Each structure stands twice: as C-alpha cells, then as structure tokens.
Amino acid sequence: MYQWIRSYLYNRRASVNVDETKSKKLLLRHGVPQGGVLSPTLFLLFIDNLVSEMPKGIKAALYADDLVIWCKEEHASTATYRMQRAEDRLNAWAEDWCVSINKEKSSTTLFILSPKQKAGTIRLGGTPLREDEEATYLGVTVRKRYRC
C-alpha cells in the first residue's frame, strides 16, 4: 500500500499554458493531485488529527478541504473565547504542517437568541475574520434570527 501511494504522489510535474505559451515543467513537492481519485481520502487522512486537537467544547465537521467549527454557549463572550482558542489551535496546526488557510474565505457567524449580546472579534493568525449574517455549508444556508 505504501509503495502504491508513494508512486501516486512521487515525482509529479506540472506546467501552465497561457494562450500559446507553455511554461517549463516544475516538480510538485507538496499536495495531492487535484481531481485525483485518491486525493480526497489522502487529504482527509492528513487533516484528521486537527479535529481531535480542537479545544474542549468545540465541535468540528470536515468535508473535502472544508472545515467548520462551532460551539454552543449561553453567553456570546464565552463562545467568542472558545472559538478564539480553536482558531489559535487551527493556526498553530497549519503552521506546524506548512498549510496555508485562505483567510478571505474564512468567516464567523454568531447565532444568538438576544440581540443585546454581541460577538467579539475572532482572529486567525492575527487577521480579524469577517462576520457574516449567514453561514452556508454543503449547500445549506442558516441565517441569523432573533427571537422576539
């Protein structure tokens, strides 16, 4: 099995075509082939330990290369604290494994019952994350709603 997976990943090269011009081939040293049959499975094996390393009270879901983390708390300040700890752990994991996280695609959404509670700013590697009014995951959109 090891030899088979190694041959799938080893000595891969790629070039880029722009108009009629083709670049020279470069050796790919990281990642898995995009669109490859084994690629999603290998990536999930690679990222699997991230979920188990999330702090207490944090839940996580993975699908392909998408990660969603959340927590359920009575107070927005406690939720913000827990989520910031999770983001810090995520950032440390990414640095340890030389993975970059697209901060422009990353966001937060605070779902609360009381409009009086406000979310704190959550940062990923020092960058404040955008707060969205709704969250979409696997085609399901959940919108903020306040109970009257």
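Sequence positions, counted from 1, serve as the residue numbers for this chain. In this text the structure is predicted, and so the values were computed from the model without any measurement.
Atom CG of residue Leu129 and atom CD of residue Glu104 lie 10.0 Å apart, to the nearest 0.5 angstrom. How far CZ of Arg6 is from CG of Asn11: 9.5 Å, rounded to the nearest 0.5 Å. Once rounded to the nearest 0.5 Å, the distance linking CG of Asn17 with CG of Asp19 reads 10.0 Å. To the nearest 0.5 Å, the span separating OG on Ser7 from CD1 on Ile5 amounts to 9.0 Å.
Side-chain heavy atoms closer than 4.5 Å link hydrophobic residues (I, L, V, M, F, W, Y) into clusters, and following such links, even through other members, never connects Trp70 to Ile58. Hydrophobic clustering of Ile, Leu, Val, Met, Phe, Trp and Tyr side chains at less than 4.5 Å, counting indirect connections, unites Leu124 with Ile122. When hydrophobic clusters are built by joining Ile, Leu, Val, Met, Phe, Trp and Tyr residues whose side-chain heavy atoms come closer than 4.5 Å, directly or via intermediates, Trp97 is grouped together with Leu67. Residue Ile101 is grouped with residue Val51 when hydrophobic side chains (ILVMFWY) are merged at heavy-atom distances under 4.5 angstrom, including chains of intermediate members.
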Indicate every side-chain donor-acceptor pair of residues 25-47 with a distance under 3.5 Å to a residue at least two apart or in another chain.
from  : atom 1 : to    : atom 2 : distance (Å)
Ser39 : OG     : Tyr8  : OH     : 3.1
Ser39 : OG     : Pro33 : O      : 2.4

Below 3.5 Å, can you tabulate the donor-acceptor pairs from side chains in residues 80-87 to any protein atom, sequence neighbours excluded?
from  : atom 1 : to     : atom 2 : distance (Å)
Thr80 : OG1    : Ala76  : O      : 2.9
Thr80 : OG1    : Gly120 : N      : 3.2
Arg82 : NE     : Glu73  : OE2    : 2.5
Arg82 : NH1    : Lys56  : O      : 2.9
Gln84 : OE1    : Arg123 : N      : 2.8
Gln84 : NE2    : Asp88  : OD1    : 2.8
Gln84 : NE2    : Arg123 : O      : 2.9

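Contact check for Leu110 versus Glu131: side-chain heavy atoms found under the 4.5 Å cut-off. Taking the side chain as every heavy atom from C-beta outward, Val16 and Val18 approach each other to under 4.5 Å. Counting heavy atoms from C-beta on, the side chains of Val142 and Glu134 never come closer than 4.5 Å.
Across every non-hydrogen atom of Ala61 and Tyr137, the tightest pair is O-OH, 3.7 Å. Contact record, Cys71 with Gly57: CB-O, 3.3 Å, taken as the closest heavy-atom pair. Residues Pro128 and Thr121 come closest through the heavy atom pair CB-CG2, 3.8 Å.
Under the side chain to side chain donor-acceptor pair (under 3.5 Å) criterion, Trp93 pairs with Asn49, sequence neighbours left out. Annotation: side chain to side chain donor-acceptor pair (under 3.5 Å) contacts of Thr136 (sequence neighbours excluded): Thr141. The side chain to side chain donor-acceptor pair (under 3.5 Å) test applied to Asp132 returns Ser107, Arg130, not counting sequence neighbours. By the side chain to side chain donor-acceptor pair (under 3.5 Å) test, Asn102 pairs with no residue at all, sequence neighbours left out.
No more than 12 heavy-atom neighbours from other residues, nucleotides or ligands sit within 6.0 angstrom of OH on Tyr63.
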Arg89 vs Met54, side chain to side chain contact (heavy atoms under 4.5 Å, CB included): CA-CA, chis, key distance, verdict: CA-CA 7 Å; Arg89 184 66 207 112; Met54 284 289 114; 4.3 Å; yes
